[in-house]
Undergrad: 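Got a structure here, written out as structure tokens. Questions coming.
Numbering starts at 1 and runs along the sequence shown. Heavy-atom basis, side chains included; hydrogens, waters and symmetry copies ignored.
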Amino acid sequence: KLTEEKYVVTSSLPEAAILVQTTTDPMLKLKITLTSPAMREDEDLEEEEEEEEEEEELENGEDGEEVEEEAEAEAEVVMEDQGKENGEVLGAAAHTVETEEEGEVLDRHRCLLALAALRHAKWFQARVNGLKSCVIVLRILRDMCNRHPIWEPLKGWPLELICEKAIATCNRPLGAGEALRRVMECLASGILLPGGPGLHDPCEKEPTDTLANMMDQEAEAITYGAQVPSDKQQLADSIVIP
């Protein structure tokens, strides 16, 4: 027995997770998200099947479509009477099977998000932990994202990518002040603006822009905030030294 403390363990199907909560003060809650690489493999297989179906339809052309329509019409005439008799029974059985399968399988979207978080953590450990001053700059900018609403869209994965790319591309080690200035200059250059290069996600197989969900107004506000001196004063105010 590892501990005398008692915990309340519950399952949360909507979140695809197991929740562990303490029974004494302080009341702490731990969420363990369940996932599997098979979720991503299933998604890739579905995309490949859809692409193959689209290619077959293009190859068949209009003649193939006409033949398929005639065959479907004949099949509908033959099966119409049988379908009326067995439709209700088959429909009820199919609905039951689908309901059972949905209840047994975890939410795919939640599982894919958890897999992405694992990939991001591995990338961070390999690329950022050993990069001088990058962790310090990230802490400062995360605090800015929490304090100032205009910086909030950068919070999380986009901020980590921008800091790593800005600091890693320098040909010499940077101190914390120089690294922070380089990141701000990178943002002030307009890389977030529409028509810019975007921000490639290195953890995805397909080309993915991590800024795709950022609105144009948000990108302009962040770019302007990195350019004007008044925001640099806000940045100085955000760095609190005890």
Undergrad: Say whether, by atom type as modelled, one donor and one acceptor occur between the side chain of D209 and the main chain of L199 under 3.5 angstrom.
TA: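 At least one qualifying donor-acceptor pair exists.
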Undergrad: When you measure from the side chain of T22 to the backbone N and O of P26, does any donor-acceptor pair fall under 3.5 Å?
TA: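 Yes; judged by distance alone, with no hydrogens or angles, the pair exists.
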Undergrad: Is L193 reachable from L159 through a run of I, L, V, M, F, W or Y residues, each pair having side-chain heavy atoms under 4.5 Å apart?
TA: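 As far as the 4.5 Å side-chain criterion goes, L193 and L159 are not connected within one cluster.
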Undergrad: Atom SG of C203 and atom CZ of F124: how far apart are they, to the nearest 0.5 Å?
TA: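 One finds 12.0 Å between SG of C203 and CZ of F124.
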Undergrad: At their closest point, which heavy atom of H200 faces which heavy atom of P207, and how far apart are they?
TA: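 Distance-wise, the nearest heavy atoms are CE1-CA, 4.3 Å.
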Undergrad: Give a yes or no answer on whether the side chain of S12 reaches the backbone of A17 with a donor-acceptor pair at less than 3.5 Å.
TA: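 It does not hold such a pair.
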Undergrad: For A219 versus L192, what's the shortest heavy-atom pair and its separation?
TA: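 The pair with the smallest heavy-atom distance is CB-O, 3.3 Å.
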Undergrad: Evaluate the side-chain proximity of L180 to L141: yes if any heavy-atom separation is below 4.5 Å, no if none is.
TA: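 With C-beta onward as the side chain, the pair touches.
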Undergrad: How long is the gap from CG on L28 to CG on D25, to the nearest 0.5 Å?
TA: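 Nearest 0.5 Å value for the CG-CG distance: 9.5 Å.
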Undergrad: May I ask you to test the K155-N146 pair for a side-chain heavy-atom distance under 4.5 Å?
TA: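 A side-chain contact exists here, since the closest heavy-atom pair is under 4.5 Å.
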Undergrad: Which pair of non-hydrogen atoms, one from V183 and one from A166, has the smallest distance, and what is that distance?
TA: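 Reported closest heavy-atom pair: CG2-CB, 3.9 Å.
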Undergrad: Is any side-chain heavy atom of V137 closer than 4.5 Å to a side-chain heavy atom of R182?
TA: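 No, their side chains stay 4.5 Å or more apart.
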Undergrad: Name all residues meeting the side chain to side chain contact (heavy atoms under 4.5 Å, CB included) criterion together with P202; count only those two or more places apart in sequence or in a different chain, and write none if there are none.
TA: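 Residues passing side chain to side chain contact (heavy atoms under 4.5 Å, CB included) with P202: W123, W157, L161.
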Undergrad: Can you confirm whether T23 sits close enough to Y7 that some side-chain heavy atom of one is under 4.5 Å from a side-chain heavy atom of the other?
TA: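 No. Closest side-chain heavy atoms not under 4.5 Å.
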Undergrad: Going from CD on E15 to CZ on R110, what distance comes out if it is rounded to the nearest 0.5 angstrom?
TA: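 The CZ atom of R110 is 5.5 Å from CD of E15, to the nearest 0.5 Å.
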Undergrad: Indicate yes or no: at least one non-hydrogen side-chain atom of E204 is less than 4.5 angstrom from one of R119.
TA: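 In contact.
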Undergrad: If I compare all heavy atoms of E160 with all of L138, which pair ends up nearest, and what's the gap?
TA: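 Of all heavy-atom pairs spanning E160 and L138, the closest is CA-CD2, 3.8 Å.
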Undergrad: For Q21, is the CD atom crowded, meaning more than 12 foreign heavy atoms sit under 6.0 Å from it?
TA: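 Yes.
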Undergrad: Of the non-hydrogen atoms in I150 and A221, which two are nearest, and what is the gap between them?
TA: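 Heavy atoms only, the tightest pair is CD1-O, 4.1 Å.
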Undergrad: Hey, what do you get for OG1 (T223) to CD1 (I191), rounding to the nearest 0.5 Å?
TA: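 So the gap between those two atoms works out to 8.0 Å.
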Undergrad: Any sub-3.5 Å donor-acceptor pair from Q227's side-chain atoms to A188's backbone N or O?
TA: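 Flag set: sc Q227 to bb A188 pair under 3.5 Å.
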Undergrad: To the nearest 0.5 Å, how far apart are CD in E164 and OG1 in T169?
TA: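 Atom-to-atom, E164:CD and T169:OG1 are 8.5 Å apart.
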Undergrad: Do R147 and M144 touch side chain to side chain, with heavy atoms closer than 4.5 Å?
TA: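 They are not in contact (no side-chain heavy atoms under 4.5 Å apart), so the answer is no.
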Undergrad: Any chance you could measure D201, atom CG, to E206, atom CD, to the nearest 0.5 Å?
TA: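 Rounded to the nearest 0.5 Å, the CG-CD separation comes out at 12.0 Å.
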Undergrad: Would you tabulate the side-chain donor-acceptor contacts of residues 29-36 under 3.5 Å, counting partners in other chains and residues two or more places apart, or write 'none'?
TA:
| residue | atom | partner | partner atom | Å |
| --- | --- | --- | --- | --- |
| T35 | OG1 | C111 | O | 2.8 |
| S36 | OG | A38 | N | 3.2 |

Undergrad: Flag the pair K165 / R127 as yes when at least one side-chain heavy-atom distance between them is below 4.5 Å, and no otherwise.
TA: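 They are not in contact (no side-chain heavy atoms under 4.5 Å apart), so the answer is no.
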Undergrad: I'd like to know if I140 and V135 are part of one continuous hydrophobic network [Ile/Leu/Val/Met/Phe/Trp/Tyr, side-chain heavy atoms within less than 4.5 Å].
TA: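 Yes, it is one cluster - the side chains of V135 and I140 are joined through contacts under 4.5 Å.
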Undergrad: Where do I167 and C134 come nearest, in terms of heavy atoms and distance?
TA: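 Closest approach of I167 to C134: CD1-CA, 3.7 Å.
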Undergrad: Step through the shown structure and confirm whether more than 12 heavy atoms of other residues, nucleotides or ligands are within 6.0 Å of CG on N213.
TA: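 Incorrect, the count does not exceed 12.
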